[in-house]
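Worksheet: one structure, shown below.
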Amino acid sequence: MSALFPEDVAEYLKRNPGFFEQYADLMAQIFVPHPHGGRAVSLAERQMLTLREKNRASESKLAELIAFGEENDQISEKVHRLAVGLIAAETFQAVIHLLNFHLRDDFSVPHVALRLWDKPAGIEDLPEFAAVSEELQVFAETLARPYCGSTAGFGTASWFGEAAPHIRSQALIALRNGGGTIGMVALGSEETQRFYADMGTLYLERIGEMVSAALARVTKSTL
């Protein structure tokens, strides 16, 4: 008689799913190690323990998905409020005020800075029109999506004024109008992981599009 290997038993049971229905009493006679150590348990009890663990894992995953969904709903509501405010803004100063207010109070972003490359006629000199290096303008032009990460090597930390030495992470959002880049919004934080390289940027992209449209509208009206 040839030797019987564990693989053979496993294959047999796969091919004969009704085996334990035919030999139901074996479920109570076969004992296997408890999944968490200690005493041995019957095959039936082990199966119940496995099912309970799977249920707990499913419940945990469901709770996680619900939490993500609720968080996304909250962010969507904040983006909506910002959009409504930008639509109602009639002047450049109003757009800047709303952007700063919503990002700081609604999104809890401690530091917000905006730079635009060209100052339209009819708007007074403001920090938003301070000179920006050509290298940074070229970088903004190449941004397919917002940059998130360190401030090193960009020169944007200085945009945050007195807080500059304490900024550990930032998000840079290019502003565009008619296919061209007109400026950039910088969000800064003292936390190194507030804006990190692999984070999702969908809402940052939407904010950039909304701010770009609002600025294009109010600056055009001053010409």
Exercise for review: Can you run down the salt bridge (Lys or Arg N to Asp or Glu O under 4.0 Å) pairs that involve residues 159-184, sequence neighbours left out, and say none if there aren't any?
Suggested key: none
Exercise for review: Please name the pair of heavy atoms, one in Ala83 and one in Met210, separated by the smallest distance, quoted to 0.1 Å.
Suggested key: CB-SD, 3.3 Å
Review point. Do Val109 and Leu172 share a hydrophobic cluster, counting only Ile, Leu, Val, Met, Phe, Trp and Tyr and linking them when any side-chain heavy atoms are less than 4.5 Å apart?
Key: no
**Study point:** 4.5 Å side-chain heavy-atom contact, Phe154 and Thr151
**Key:** no
**Study point:** Atom pair OG1 (Thr156) and CZ (Arg115), whose distance is rounded to the nearest 0.5 Å
**Key:** 10.0 Å
Practice item. Please report the C-alpha distance between Val185 and Leu114 in whole Å, then the side-chain angles of each, then the deciding distance to 0.1 Å, and finally whether the side chain to side chain contact (heavy atoms under 4.5 Å, CB included) criterion is met. Key: CA-CA 5 Å; Val185 173; Leu114 168 69; 3.6 Å; yes
Review point. Could you give the distance from CZ (Arg145) to CD (Glu205), rounded to the nearest 0.5 Å?
Key: 7.5 Å
Check your understanding: Would you say Asp198 has more than 12 foreign heavy atoms packed within less than 6.0 Å of its CG?
Key -> no
Check your understanding: At what distance, to the nearest 0.5 angstrom, does CZ of Arg194 lie from OG1 of Thr192?
Key -> 12.0 Å
Exercise for review: Verify, without hydrogens or angle tests, whether Thr201 (side chain) and Leu204 (backbone) share a donor-acceptor contact under 3.5 angstrom.
Suggested key: no
Exercise for review: Start with the C-alpha distance between Leu187 and Phe107, add both sets of side-chain angles, then the distance that settles side chain to side chain contact (heavy atoms under 4.5 Å, CB included), and finish with yes or no.
Suggested key: CA-CA 11 Å; Leu187 313 179; Phe107 292 89; over 6 Å; no
Study note, to complete from the structure: So ring pair (Phe, Tyr, Trp, His ring centres under 6.0 Å) across residues 108-137, not counting sequence neighbours, yields Phe92-Phe129
Exercise for review: Show the numbers, then the answer: is there a side chain to side chain contact (heavy atoms under 4.5 Å, CB included) between Phe195 and Ile167?
Suggested key: CA-CA 11 Å; Phe195 301 107; Ile167 302 300; over 6 Å; no
Point to revise | Transitive ILVMFWY side-chain link Ile173 to Leu86, under 4.5 Å | key: yes
Review point. Any idea which heavy atoms bring Val218 and Ala89 closest together, and the distance?
Key: CG1-O, 4.0 Å
Check your understanding: Nearest 0.5 Å, what's the CG-CG distance between Asp105 and Asn100?
Key -> 10.0 Å
Point to revise | Interatomic distance, Glu128 atom CD to Trp159 atom CH2 [nearest 0.5 angstrom] | key: 11.0 Å
Check your understanding: Passes side chain to side chain contact (heavy atoms under 4.5 Å, CB included), Glu141 versus Gln137? Steps please.
Key -> CA-CA 6 Å; Glu141 190 75 36; Gln137 293 186 39; over 6 Å; no
Review point. Are side-chain heavy atoms of Val211 and Leu99 found at a separation under 4.5 Å?
Key: yes
Study note, to complete from the structure: Between Ala174 and Thr181, the two heavy atoms sitting closest are CB-CG2, 4.4 Å
Exercise for review: Please round to the nearest 0.5 Å and tell me the distance separating atom CD of Glu190 and atom OG of Ser169.
Suggested key: 8.5 Å
Revision key, fill the gap. Of all heavy-atom pairs linking Lys119 and Asp125, the shortest is CE-OD1, 2.9 Å
Check your understanding: Which of these, Leu116, Leu175, Leu143, sits in a side chain to side chain contact (heavy atoms under 4.5 Å, CB included) with Met184?
Key -> Leu143
Point to revise | For Ala171 against Cys148, the heavy-atom pair lying closest together | key: CB-SG, 4.1 Å
**Study point:** Step-by-step side-chain hydrogen bond (donor to acceptor under 3.5 Å, both in side chains) determination, Ser76 to Tyr203
**Key:** CA-CA 8 Å; Ser76 294; Tyr203 289 112; 3.0 Å; yes
Check your understanding: So if you build clusters from Ile, Leu, Val, Met, Phe, Trp, Tyr with side-chain heavy-atom gaps below 4.5 Å, do Leu126 and Val95 land together?
Key -> yes
Exercise for review: Answer with yes or no whether the hydrophobic clustering places Val84 together with Leu103; edges join I, L, V, M, F, W, Y residues whose side-chain heavy atoms lie under 4.5 Å apart.
Suggested key: no
